[in-house]
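A short worksheet on the structure shown next.
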Amino acid sequence: MSDTRQQALDELHQQLQTCRLCLEAGYDIYPRAIFSGQLGARLMVIGQAPGITEKEAGRPFNAGSGSRLFRWLAEAGVEEGWFRSTQYMTSVTKCYPGRARSGSGDRVPSPAEQRLCRQYLEAEIALLNPALILPGGRLTIGLFYPLGQPLDEIIGTQKQVDGRWVVPLPHPSGASRWHQSAENRERVRQAVTLIATHVNGMFNP
Ligand code: SF4
């Protein structure tokens, strides 16, 4: 059974590595899917899309966004090396979407690109069957919470979706200012406490 799932995951990763759907649809993306992890992962982090530093390093949550994400996870008792080598990291769209038109920061993938890539995220979730999903940022949180609901009402909460726990986090990018206020830092602290409780239950029962 696990051999079959391993084969299915290998095939999915191969499909991702050769996918050119967004290019064929006319989007000027850099066609190299960025994700990491393997079967057996109980935790899945889902970001928006790789940024320029992820594209250059070829690994998810590199540099600024990674250091903030792993600072939060460390506060929940999750060590970066362990997480990177045993758990799963992916994003709503897997290829670097390029710079924003304004020239400041990376472009947010369009709804059409999100739709094109959605099949892969759904397959990853179905195959990995994670017990806890951590969506980072508004675009990813919108997969699990009503669109338009303010982050202030979401961060620090959790919900069950299809039998798994979802604990949302703000976008960990250094460009995001959301988590700078004392109120929002407290909301992130509540989210970290929820993650710690799940992790303790899963790995130190
Ligand atoms: S972002 Fe997703 S759908 Fe688009 S080319 Fe990359 S892997 Fe394919």
Side-chain angles (χ1 to χ4, degrees), residues 4-41 43-66 68-69 83-130 132-145 147 161-162 164 166 168-176:
T4 314
R5 284 177 63 221
Q6 185 62 59
Q7 196 181 348
L9 188 63
D10 291 345
E11 281 170 11
L12 174 63
H13 286 171
Q14 255 175 8
Q15 267 183 288
L16 279 169
Q17 278 152 0
T18 54
C19 181
R20 299 291 181 271
L21 284 175
C22 292
L23 279 183
E24 287 160 11
Y27 294 97
D28 186 22
I29 53 117
Y30 182 78
R32 178 192 186 188
I34 308 281
F35 54 89
S36 75
Q38 47 269 308
L39 228 46
L43 312 178
M44 178 182 280
V45 173
I46 308 175
Q48 172 177 291
I52 183 94
T53 59
E54 284 77 25
K55 173 213 158 201
E56 281 165 4
R59 71 173 191 166
F61 291 98
N62 198 49
S65 63
R68 182 170 275 141
L69 172 69
F83 191 95
R84 285 196 185 274
S85 60
T86 61
Q87 304 303 304
Y88 202 88
M89 310 178 88
T90 188
S91 47
V92 174
T93 61
K94 322 280 188 218
C95 298
Y96 175 58
R99 303 293 285 171
R101 274 211 184 145
S102 65
S104 163
D106 297 319
R107 183 172 67 81
V108 176
S110 68
E113 291 162 282
Q114 294 171 44
R115 280 194 295 277
L116 287 171
C117 211
R118 185 65 183 268
Q119 57 179 317
Y120 298 123
L121 181 59
E122 287 172 358
E124 286 171 307
I125 293 173
L127 271 168
L128 272 297
N129 192 23
L132 176 61
I133 292 180
L134 308 176
R138 290 173 202 275
L139 190 148
T140 318
I141 291 169
L143 301 175
F144 304 99
Y145 280 72
L147 283 174
V161 178
D162 298 332
R164 12 178 162 268
V166 174
L169 289 168
H171 197 297
S173 154
S176 169

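Order of listing sets the numbers, starting from 1, for every ligand and every atom in it. Hydrogens, waters and symmetry mates are skipped; everything else that's a heavy atom, side chains included, is used.
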Which ligand 1 atoms does Cys19 reach within 4.0 Å, using its non-hydrogen atoms?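 Those atoms are 3 (S), 5 (S), 7 (S), 8 (Fe).
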
Ligand 1 atoms in contact with Lys94 (distance to a heavy atom under 4.0 Å):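 Atoms satisfying the 4.0 Å criterion: 1 (S).
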
So does Arg84 get a backbone contact from the side chain of Gln87, meaning a donor-acceptor N/O pair under 3.5 Å?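 Checked: no pair found.
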
Considering all heavy atoms of both residues, which atom of [X] and which atom of [Y] are nearest to each other, and what is their separation?
X      : Y      : answer
Phe61  : Ile46  : CZ-C, 4.5 Å
Thr140 : Phe144 : O-CD1, 3.6 Å
Ala25  : Leu116 : CB-CD1, 3.9 Å
Pro135 : Ile133 : CD-O, 3.4 Å

Quick check: does Cys22 have an N/O/S atom under 2.8 Å of atom 2 (Fe) of ligand 1? no

Looking at atom 2 (Fe) of ligand 1, what's its closest protein heavy atom, distance included?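 Protein heavy atom at minimum distance: Cys117 SG, 2.3 Å.
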
Atom 6 (Fe) of ligand 1 and Cys95: any N/O/S contact shorter than 2.8 Å?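 It does; at least one qualifying atom falls short of 2.8 Å.
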
